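Note that the structure is predicted; figures quoted are calculated from it, not measured.
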Number of protein chains: 2
Amino acid sequence: MQRDTAQRRAIRQVLLEAKRPLSPQEILAGARALTPNLGIATVYRTIKELAGTGWLAPVELPGEAQRFEVAGKSHHHHFSCRVCGRVYQMDGCPADLERLVPAGFSMEAHEIFFYGVCGPCHPKR
Amino acid sequence: MQRDTAQRRAIRQVLLEAKRPLSPQEILAGARALTPNLGIATVYRTIKELAGTGWLAPVELPGEAQRFEVAGKSHHHHFSCRVCGRVYQMDGCPADLERLVPAGFSMEAHEIFFYGVCGPCHPKR
DNA sequence: ATAGATGCAAAGGGTTTGCACTTGA
DNA sequence: TCAAGTGCAAACCCTTTGCATCTAT
């Protein structure tokens with residue numbers, strides 16, 4: 001990650017302008033508008049390095065392809081609305097996660113997904 | 001799913017005896033102890049049908065291959081070991097999950113994944 | 001007997017890698 | 001200049017599919 005190439009500029013720009021996490025193929029399509037000869041291998045190599053430096057954060061939803069978004073948000077989880085499909089960010093964590101880990105195991109990270117109905121989708125009562 | 005073949009008996013038995021969700025490759029390895037000529041294609045075809053009938057429940061970890069466990073178990077979550085790749089079942093839940101849901105939202109389900117190092121993979125102290 | 005089931009191998013789809021060429025510094 | 005970076009294609013890995021063979025009923 002030493003040189004500032006046109007390909008890397010394009011990939012970073014596409015990710016910065018995106019309003020949602022992008023898949024490698026989406027990054028490729030977007031960045032080719034700026035550097036037409038861009039190859040998929042360069043996209044993978046670049047996002048791997050960007051994720052390594054912490055500039056990019058992987059967004060992995062169960063059963064879906066891996067996506068990436070520009071990092072910088074604080075630790076959070078996600079709430080998926082089964083009515084509208086929107087995904088909300090939820091700050092905070094359960095206090096007693098460690099309690100659930102068996103003796104001898106060490107927890108290094110966790111991921112939580114909530115499913116339900118969001119406020120806007122709730123019928124007014 | 002009309003015939004009771006040796007291959008299907010072996011696949012079901014391996015899944016019944018497992019205490020954790022198994023990947024297709026793990027199922028293949030286990031079932032080959034019972035039917036040595038078993039092919040991976042049969043494993044995929046069988047788990048697809050077993051999942052369709054509800055006998056198997058898919059366990060989808062973010063960014064990992066799909067696994068399967070026999071359905072009907074009580075509520076639990078999963079721990080993924082980053083060293084050996086095995087996935088363990090973990091009973092219990094955080095007590096204060098509802099606290100994290102914003103007002104106006106209703107939580108209907110949740111999914112939690114733990115990542116770390118499992119007991120067997122820990123260096124002896 | 002015969003349609004369902006299997007095993008093999010080939011085909012797909014997504015990701016990674018080897019290598020010669022290109023290019024930023 | 002010259003090593004980091006790139007593009008292409010081949011290699012990989014996992015999963016699905018085509019097809020001839022096998023087998024439970």
Protein-nucleotides 8-14 of chain C N/O pairs under 3.5 Å:
none

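- Residues satisfying the ring-ring contact (aromatic ring centres under 6.0 Å, His included) criterion with F114(B), sequence neighbours excluded, are absent altogether.
- Distance, R8(A) CZ to dG24(C) C1': 11 Å, rounded to whole Å.
- Not a single side-chain hydrogen bond (donor to acceptor under 3.5 Å, both in side chains) links R32(A) to another residue, sequence neighbours left out.
- Using bins of under 30°, 30° to 60° and over 60° for the plane-to-plane angle, the ring pair H78(B)/H76(B) lands in the perpendicular bin.
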Nucleotide N/O to protein N/O under 3.5 Å, stretch nucleotides 23-25 of chain D:
from	atom 1	to	atom 2	distance (Å)
dT23(D)	O2	R3(B)	NH1	3.0

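- Nearest-nucleotide positions on DNA chain C place M1(B) closer to the 5' end than the other of P24(A) and M1(B).
- Atom NZ of K19(B) is surrounded by 12 or fewer heavy atoms from other residues, nucleotides or ligands within 6.0 Å.
- Within the 4.5 Å cutoff, the side chain of R45(B) has no heavy atoms near those of the Q7(B) side chain.
- Contact check, Q7(A) against dT23(C): no side-chain N or O comes under 4.0 Å of OP1 or OP2.
- Sorted by first then second residue, the salt bridge (Lys or Arg N to Asp or Glu O under 4.0 Å) pairs that include residues 77-89 of chain B, not counting sequence neighbours, are E108(A)-R82(B).
- With contacts defined as side-chain heavy-atom distances shorter than 4.5 Å, the pair V83(B)/C118(B) does not qualify.
- By the ring-ring contact (aromatic ring centres under 6.0 Å, His included) test, H77(B) is found to be paired with H75(B), H110(B), residues two or more places apart in sequence or in another chain being considered.
- For K48(A) and dT6(D), the NZ to P distance is 15 Å, given to the nearest whole Å.
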